[in-house]
There are 2 protein chains.
Amino acid sequence: MGRPRTFDIDTAVERAMELFWRQGFEATSTEDLVESLGIARGSLYKAFGSKEQLYALALRRYCERHAVGLVEVLDQAEQVRPAIRAVLLELVEADLADPERGCLLVNAATERSAHPNTVQQVSRTMGQVESALAGALERARVRGEIAADKEARELAQFLTTFLQGLRVMGKARADRAFLDNAVEVAMGVLD
Amino acid sequence: MGRPRTFDIDTAVERAMELFWRQGFEATSTEDLVESLGIARGSLYKAFGSKEQLYALALRRYCERHAVGLVEVLDQAEQVRPAIRAVLLELVEADLADPERGCLLVNAATERSAHPNTVQQVSRTMGQVESALAGALERARVRGEIAADKEARELAQFLTTFLQGLRVMGKARADRAFLDNAVEVAMGVLD
DNA sequence: CGAATTAGGAACCGATCAGTCAACAATCTG
DNA sequence: CAGATTGTTGACTGATCGGTTCCTAATTCG
């Protein structure tokens, strides 16, 4: 009961995610949020409690969306090697299209490494990425798509690490030739 | 002529670097700087102009120190492969010892991707890292230490990218087993 | 010495920060 | 309808932001 909310929570979190993604936590003011979300200050605080909590929701949404996306692509892949290459090249495209934005997960890891809740969320998501890759690689190994003596988990940890490096180099304005080449060399570990 | 400065500029930049490294640009206030540098506000502004300019000096110092360090290690190496492994494992140690600090270069790339001066400094330093690696790898190739059909530049771009990923995973609190393993798999591209 | 020059320092500046509050509006239950 | 409950709003809060100003202190040069 009580007066019904006049704005959509999901849409608001989506817009907050966009702002934090582009500007970071510290550089995004509550005034920025009020403007972009199109609601009054008081409503924002009643609905979300604090800037910190809204950030946590935005980050969680980003993590869920991207972890799920990765799992889906890898699970549905006929062949694992081209699927992984496609995933990496898609990240390259994203970085080239919008280098200032980069990856919210990487931004969170670097800007907010002193905040346990953020670090935990980041760490958990990295684990999901690793597991998705490890699952796909293990399938590939059993199928004979990659050499039987390769450890799926080890390859997955390497790829997870390399993937974060790609996002950083994208922000550092590396060009397509650089990033594409890095991906090709990285794919070589599967041979 | 005029009154001589009572503090050491180099020491001040060093302390500023430490603060920005640990906290980032936005989260470091001028008050933090005044306290840590042990000089008055007015003196800080007279000596450095603005928070931005002091940050630029701190970042430049970090870049020079680390790029030079990398070049020296690689140039003096008897064998390139163990030297590169040592460089990567040293970064792993640094991340494990102080995960909140991470790498100022990566922090700068992610937090300040909207600031051209910072991006340019970051990009230039990444280029130096790539060149140092490429030089060492080319020597190794000529000497027969790595296969003759490997392109030094391509391997160097891959390693530069992977290296940034290591720093991110360190901030995301990956453990030694994870990071060491990632390094070992990455080293495999030289085989 | 005295003029010129530069550094040091504290008070001060308007702007902006994250967050609160009280009055009002809209809904549900009875 | 009345009362309870919850959402909306914008003015307001004290704190802090990055930066400036102005006066004093220390030095060099003539």
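These values consider heavy atoms only, across backbone and side chains, with no hydrogens, waters or symmetry-generated copies. Every chain is numbered from 1, with letters handed out A, B, ... down the list of sequences.
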* N/O donor-acceptor pair under 3.5 Å between A/Glu111 side chain and A/Glu26 backbone -> yes
* Under a 4.0 Å heavy-atom cut-off, which of residues 42-62 of chain B touch DNA chain D? -> B/Tyr45, B/Ser50, B/Lys51
* Structure fact -> Atom CZ of A/Arg5 and atom C1' of D/dT5 are separated, to the nearest Å, by 14 Å
* For DNA chain C, determine which residues of residues 14-36 of chain B have any heavy atom closer than 4.0 angstrom to one of its atoms, and list them numerically. => none
Can you give me every donor-acceptor pair (side chain of residues 170-187 of chain B, partner residue at least two apart or in another chain, under 3.5 Å) with its distance?
| from | atom 1 | to | atom 2 | distance (Å) |
| --- | --- | --- | --- | --- |
| B/Lys171 | NZ | A/Thr110 | O | 2.9 |
| B/Lys171 | NZ | A/Ser113 | OG | 3.4 |
| B/Lys171 | NZ | B/Glu100 | O | 3.3 |
| B/Lys171 | NZ | B/Asn107 | OD1 | 3.3 |
| B/Arg173 | NH1 | B/Lys171 | O | 2.9 |
| B/Arg173 | NH2 | A/Ser113 | O | 3.0 |
| B/Asp175 | OD1 | B/Ala177 | N | 3.4 |
| B/Asp175 | OD1 | B/Phe178 | N | 2.9 |
| B/Arg176 | NE | B/Glu93 | OE2 | 3.4 |
| B/Arg176 | NH2 | B/Glu93 | OE1 | 2.6 |
| B/Arg176 | NH2 | B/Glu93 | OE2 | 2.8 |
| B/Asn181 | ND2 | A/Glu154 | O | 3.2 |
| B/Asn181 | ND2 | A/Gln157 | OE1 | 3.0 |
| B/Glu184 | OE1 | B/Arg85 | NE | 3.4 |
| B/Glu184 | OE1 | B/Arg85 | NH2 | 3.0 |
| B/Glu184 | OE2 | B/Arg85 | NE | 3.0 |

* To do: Not counting sequence neighbours, which residues clear side-chain hydrogen bond (donor to acceptor under 3.5 Å, both in side chains) with A/Gln120? List them please.
  => none
* Do A/Glu18 side-chain atoms and A/Glu14 backbone N/O form a donor-acceptor pair below 3.5 Å? -> no
* **Listed once per pair and sorted, the side-chain hydrogen bond (donor to acceptor under 3.5 Å, both in side chains) pairs that draw on residues 69-81 of chain B, sequence neighbours left out** => B/Arg81-B/Asp191
* Asked: Do other residues, nucleotides or ligands put more than 12 heavy atoms under 6.0 Å from A/Arg15 CZ?
  -> no
* Does B/Thr6 make a side-chain N or O approach to OP1 or OP2 of C/dG8 shorter than 4.0 Å? -> yes
* **5' precedence on DNA chain D between B/Arg3 and B/Arg41 (nearest-nucleotide basis)** => B/Arg41
* Is it true that a side-chain atom of B/Gln164 and a backbone atom of B/Thr160 form a donor plus acceptor pair closer than 3.5 Å? -> yes
* To do: List in chain and number order the residues that pass side-chain contact (heavy atoms from CB on, under 4.5 Å) with B/Asp10, two or more places apart in sequence or in another chain; answer none if no residue qualifies.
  => B/Asp8, B/Arg61
